[in-house]
2 protein chains.
Amino acid sequence: MAERNGGGTRAVVLAAVRLFTDAGYDATTMAGIAEVTGVSRRSLFRRFGSKEDVLFAEHDELFETVVRYMEASPESPTDSVLAAARLVFQGYVRDPEITVPRYRLVRAHSRLRDREVAMTARYQAAFSRHMAEAAGGGRPSLEVEVVASAVIAAHNHVLRGWLRDPDDDGVWRRFDEAMERVRALAAPLFGVPDEPVPGRPTRVGRDRIVVAVYPGDTDPDELSRRVAETVRDRR
Amino acid sequence: MAERNGGGTRAVVLAAVRLFTDAGYDATTMAGIAEVTGVSRRSLFRRFGSKEDVLFAEHDELFETVVRYMEASPESPTDSVLAAARLVFQGYVRDPEITVPRYRLVRAHSRLRDREVAMTARYQAAFSRHMAEAAGGGRPSLEVEVVASAVIAAHNHVLRGWLRDPDDDGVWRRFDEAMERVRALAAPLFGVPDEPVPGRPTRVGRDRIVVAVYPGDTDPDELSRRVAETVRDRR
DNA sequence: TCTAGTCTGGCACTGAATGCCATACATCGG
DNA sequence: CCGATGTATGGCATTCAGTGCCAGACTAGA
């Protein structure tokens with residue numbers, strides 16, 4: 001047996017990441033990780049479940065944390081989802097020692113890429129569920145799922161930028177901007193009672209935004225008349 | 001050696017699906033599939049690559065087809081993406097013999113679920129790339145990625161409904177409605193030059209839709225005046 | 001007919017993943 | 001202090017996915 005040193009989970013993950021990046025993911029065996037860390041091969045499987053899960057162990061913990069946080073959040077469903085996304089982002093940015101090399105590995109191996117994608121899908125599902133439950137339970141509506149996917153897409157867009165250049169300073173500003181744009185996108189979706197009927201302007205959101213949707217060939221005078229009418233009605 | 005019958009790829013897939021649903025995915029071995037289909041174990045791996053890929057072989061073909069179609073499409077990038085999504089949907093609906101039992105398997109096994117999710121992520125990436133190239137190349141912008149994710153989310157929303165109840169008639173109507181809503185969502189994102197500035201109405205899309213975004217407390221008269229003005233300008 | 005290229009099956013091997021059992025260790029009631 | 005109980009660990013054996021290698025069958029073309 002090798003010497004007893006790297007017992008901590010995080011130490012094992014770090015050692016594994018180092019092996020993966022140095023020798024290659026496929027070339028690194030669980031026996032090799034066992035040898036380096038001093039943890040037996042069998043125990044590695046017990047603690048992490050699989051070779052991939054060694055690489056994503058930290059991320060799994062993050063997921064648990066974020067979901068618990070989101071479900072306990074007192075804010076509106078949209079706000080708690082956005083806050084949760086911020087937590088996820090923070091989980092990455094705060095730990096570049098693992099997330100950055102992992103990103104490189106993920107880009108190179110399609111199997112790992114699938115695993116990473118699956119993680120974000122889990123977040124998306126959790127976000128959808130959270131918003132659906134706040135909206136009275138049942139299955140997530142189309143709007144809810146679109147918003148959840150938009151949050152994830154925006155998150156990943158900014159995140160990938162950071163992963164390519166972890167020294168960039170403006171990440172947090174860009175992240176918050178992206179989330180604000182998603183919020184603006186989401187607002188009309190939730191405000192519309194049934195569906196955005198073309199030709200019928202609809203006041204949306206208690207006090208934030210008005211959105212009007214018309215066929216492009218609507219007569220301008222007729223259009224402005226209808227808009228004014230609707231806005232006045234609900235004022 | 002077993003008798004030489006199920007040589008065709010589709011026949012192999014169907015046999016495998018049957019085995020998976022009858023005996024369970026984990027309990028079914030590649031040797032078992034080889035025995036039933038009369039194709040040798042070695043050839044199964046050569047043709048499909050892995051056990052999972054047997055289940056998703058048809059889907060991989062579909063992906064190739066859809067991407068080729070989309071890239072050759074003469075329509076606007078948004079339209080060709082929506083048409084591509086329609087093709088994907090058709091790929092599912094037209095082949096319930098495989099897609100429906102696969103859905104059940106995917107729901108039960110997290111590994112297969114990850115694989116399924118990875119497929120939709122591939123579509124999303126292809127959609128993003130297509131729109132990004134049409135917009136002058138380079139990396140996909142935030143807007144492009146959000147729209148691609150919304151298309152996928154809407155597609156999956158309707159698809160899951162159908163997979164739960166494949167006998168439902170109204171699928172295509174609901175699919176087209178969902179896509180129209182995504183189109184309405186996408187229009188303002190692409191039409192606005194920089195970001196959706198509150199208070200400045202913007203004409204979007206050559207001849208389809210007008211969307212105006214304002215702060216909720218905008219004076220109704222001022223609002224209708226601006227809308228009319230903008231619409232007239234670009235007419 | 002000979003040949004080059006392609007597809008297939010059989011065989012052996014690596015390595016991930018799991019079940020089983022024995023052991024070390026910590027915790028707690030006596 | 002000690003035995004009992006629960007838990008984490010290591011070692012061992014086994015199954016099975018996945019791959020490299022080689023031999024034979026089949027096809028197309030000179």
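Given the structure is predicted, the values throughout are model-derived calculations rather than measurements. Protein chains get the first letters and strands the later ones, always in sequence-line order, with residue 1 at the start of each.
- Remark: B:R47 is in phosphate contact with C:dT8, judged by side-chain N or O atoms under 4.0 Å from OP1 or OP2.
- In terms of the side chain to side chain donor-acceptor pair (under 3.5 Å) criterion, residue partners of A:R173 (sequence neighbours excluded) are, by chain and number, A:E177.
- Sorted by residue number, the members of residues 17-33 of chain A with any non-hydrogen atom under 4.0 Å from DNA chain C read A:T28, A:T29, A:M30.
- Looking at residues 51-58 of chain A, you'll see that no heavy atom sits under 4.0 Å from any atom of DNA chain D.
- OP1 or OP2 of C:dG10 has not a single side-chain nitrogen or oxygen of B:S40 nearer than 4.0 Å.
- With sequence neighbours left out, B:F20 forms a ring-ring contact (aromatic ring centres under 6.0 Å, His included) with B:Y25.
- Residues satisfying the side chain to side chain donor-acceptor pair (under 3.5 Å) test with B:T28, not counting sequence neighbours, are none.
- Residues in residues 133-171 of chain B take part in these ring pair (Phe, Tyr, Trp, His ring centres under 6.0 Å) pairs, two or more places apart or across chains: B:F89-B:H155.
- We find that CZ of A:R42 is positioned 14 Å from P of D:dA8, with the value rounded to whole Å.
- Atom pair A:R41:CZ and D:dG11:C1' shows a separation of 11 Å (rounding to whole Å applied).
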For residues 124-133 of chain B, please give each side-chain donor-acceptor pair under 3.5 Å, one per line with the distance, not counting sequence neighbours.
from   : atom 1 : to     : atom 2 : distance (Å)
B:S128 : OG     : B:Q124 : O      : 3.2
B:H130 : NE2    : B:S80  : OG     : 2.8

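- Atom pair B:F48:CZ and D:dA17:P shows a separation of 15 Å (rounding to whole Å applied).
- Taking a 6.0 Å sphere around CZ of B:R160, one finds it holds more than 12 heavy atoms contributed by other residues, nucleotides or ligands.
- Residue pairs that meet the side-chain hydrogen bond (donor to acceptor under 3.5 Å, both in side chains) test with at least one member in residues 104-113 of chain A, sequence neighbours left out, are A:Y103-A:R107.
- Residues satisfying the side chain to side chain contact (heavy atoms under 4.5 Å, CB included) test with A:A83, not counting sequence neighbours, are A:Y69, A:E75.
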Give each protein N/O atom lying under 3.5 Å from an N/O atom of nucleotides 21-26 of chain C, with the pair distance.
none

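- For DNA chain C, none of the residues of residues 107-115 of chain A falls under the heavy-atom distance limit of 4.0 Å.
- Without hydrogens or angle criteria, B:S149 side chain to A:S149 main chain gives a donor-acceptor distance under 3.5 Å.
- No side-chain N or O of B:E52 forms a donor-acceptor pair with one of B:S50 less than 3.5 Å apart.
- Just one residue in the list B:M119, B:Q90, B:R94 forms a side-chain contact (heavy atoms from CB on, under 4.5 Å) with B:L62, and that residue is B:R94.
- The neighbour count for B:R10 CZ, taken as heavy atoms of other residues, nucleotides or ligands under 6.0 Å away, is above 12.
- Separating the CZ atom of A:F45 from the P atom of C:dA17 is a distance of 5 Å, rounded to the nearest angstrom.
- Taking B:T65 as the reference, nothing meets the side chain to side chain donor-acceptor pair (under 3.5 Å) condition, with sequence neighbours excluded.
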